[in-house]
**Student:** 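I have a structure I would like to understand better, so I am pasting it below and will then ask my questions one at a time.
In this chain, residues are counted from 1 in sequence order. As a basis for the values below, the full set of heavy atoms in this structure was taken, side chains included, without hydrogen atoms, waters or symmetry mates.
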Amino acid sequence: FERAISNWDVIRSDAASNSADVTFIMCHGAIGQCMLLQALGLEKKEYGKSRRYALDNCECFEIEFESDESEYSSRWRRIDTSQAVSEWQSTYSTQLVSTTLATNR
C-alpha cells in the first residue's frame with residue numbers, strides 16, 4: 001500500500017511538471033487496487049474486501065483529480081474489457097459507502 005502512495009506522488013508530480021492532462025498507468029491488479037484505494041482516500045484495510053475495487057486482466061479505472069493540490073481523486077469509473085464504461089462515481093460517496101460497510105461488519 002505504501003508503494004501505491006509513493007507511485008501516486010511520483011506520477012502526479014511528473015504529470016504536473018509536464019502539463020499532462022491524461023496519464024495512462026498499466027500495472028498488475030494488486031498494485032492497481034492499492035493505487036485505486038489510495039486515490040479514493042480509502043484505508044489499507046479495504047484491500048481485497050470488495051470486488052468493486054478489484055482489477056481483472058485487461059481492466060482499468062479512470063480516475064480524475066480536480067487539481068494538482070487535491071489529495072484524493074474527485075471521481076472515478078470502471079472501464080471493463082467489453083469496452084463498457086460505468087457511470088462516474090464521486091470519491092466522497094465511495095468513502096461514505098466504505099465507512100458504512102466497515103461499521104456494519
Side-chain angles (χ1 to χ4, degrees):
F1 201 80
E2 288 72 25
R3 183 175 169 193
I5 294 169
S6 65
N7 284 351
W8 276 123
D9 291 342
V10 171
I11 291 164
R12 295 189 68 210
S13 173
D14 185 53
S17 67
N18 292 319
S19 300
D21 289 337
V22 176
T23 302
F24 181 80
I25 303 164
M26 180 182 286
C27 57
H28 290 283
I31 190 67
Q33 182 178 8
C34 290
M35 290 181 70
L36 175 64
L37 292 174
Q38 204 289 322
L40 297 175
L42 301 177
E43 297 180 18
K44 181 173 25 177
K45 67 182 180 182
E46 297 299 319
Y47 179 82
K49 292 192 175 179
S50 173
R51 282 286 313 142
R52 183 176 192 199
Y53 312 117
L55 278 80
D56 291 331
N57 290 336
C58 302
E59 188 174 44
C60 66
F61 290 95
E62 187 173 4
I63 302 169
E64 186 174 279
F65 290 85
E66 287 292 320
S67 70
D68 296 336
E69 293 81 35
S70 301
E71 184 176 3
Y72 303 117
S73 65
S74 56
R75 61 186 190 161
W76 66 284
R77 63 183 174 181
R78 176 185 302 271
I79 302 173
D80 69 26
T81 55
S82 67
Q83 302 301 316
V85 178
S86 72
E87 295 294 320
W88 282 106
Q89 299 177 50
S90 80
T91 295
Y92 179 71
S93 66
T94 300
Q95 291 170 343
L96 290 176
V97 168
S98 178
T99 302
T100 302
L101 293 173
T103 58
N104 290 333
R105 289 186 191 143

**Student:** Considering only heavy atoms from C-beta outward, does the side chain of Arg52 approach that of Thr94 to under 4.5 Å?
**Tutor:**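 Yes, at least one pair of side-chain atoms sits under 4.5 Å.
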
**Student:** So, using ring-ring contact (aromatic ring centres under 6.0 Å, His included) as the criterion, who are the partners of Tyr47 when residues are at least two apart?
**Tutor:**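 With neighbours one apart ignored, the set is empty.
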
**Student:** Say you draw a straight line from NE2 of His28 to CD of Gln33; how long is it, rounded to the nearest 0.5 Å?
**Tutor:**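 His28 NE2 to Gln33 CD: 14.5 Å, rounded to 0.5 Å.
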
**Student:** Quick one: list whatever passes side-chain contact (heavy atoms from CB on, under 4.5 Å) with Glu64, sequence neighbours left out.
**Tutor:**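 With sequence neighbours excluded, Glu64 shows a side-chain contact (heavy atoms from CB on, under 4.5 Å) to Glu66, Ser74, Arg75, Trp88, given in chain and number order.
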
**Student:** Please round to the nearest 0.5 Å and tell me the distance separating atom CG of Leu42 and atom OH of Tyr72.
**Tutor:**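 Rounded to the nearest 0.5 Å, the CG-OH separation comes out at 9.0 Å.
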
**Student:** I'd like to check the side-chain contact (heavy atoms from CB on, under 4.5 Å) partners of Ser13; sequence neighbours left out, ordered by chain and number.
**Tutor:**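 For Ser13, no residue satisfies side-chain contact (heavy atoms from CB on, under 4.5 Å) once neighbours in sequence are set aside.
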
**Student:** Between Thr91 and Ser73, what is the shortest heavy-atom contact and its length?
**Tutor:**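 Smallest heavy-atom distance, with atoms named: OG1-OG, 2.7 Å.
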
**Student:** What pairs with Phe65 under ring-ring contact (aromatic ring centres under 6.0 Å, His included), at least two apart in sequence or on another chain?
**Tutor:**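 For Phe65 the ring-ring contact (aromatic ring centres under 6.0 Å, His included) partners, ignoring immediate neighbours, are Trp8.
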
**Student:** Does Glu62 have any side chain to side chain donor-acceptor pair (under 3.5 Å) partners at least two apart in sequence or in another chain, and if so, which?
**Tutor:**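 Only Arg77 meet the side chain to side chain donor-acceptor pair (under 3.5 Å) criterion with Glu62.
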
**Student:** Asn7: what forms a side-chain contact (heavy atoms from CB on, under 4.5 Å) with it, not counting sequence neighbours?
**Tutor:**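 Residues passing side-chain contact (heavy atoms from CB on, under 4.5 Å) with Asn7: Arg3, Ile11, Ile31, Met35.
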
**Student:** To the nearest 0.5 Å, how far apart are CG in Leu36 and SG in Cys27?
**Tutor:**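 Going from CG on Leu36 over to SG on Cys27, the span is 10.0 Å.
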
**Student:** Hey, are the side chains of Lys44 and Glu2 touching, using non-hydrogen atoms and a 4.5 Å cut-off?
**Tutor:**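 In short, these two side chains touch, coming nearer than 4.5 Å.
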
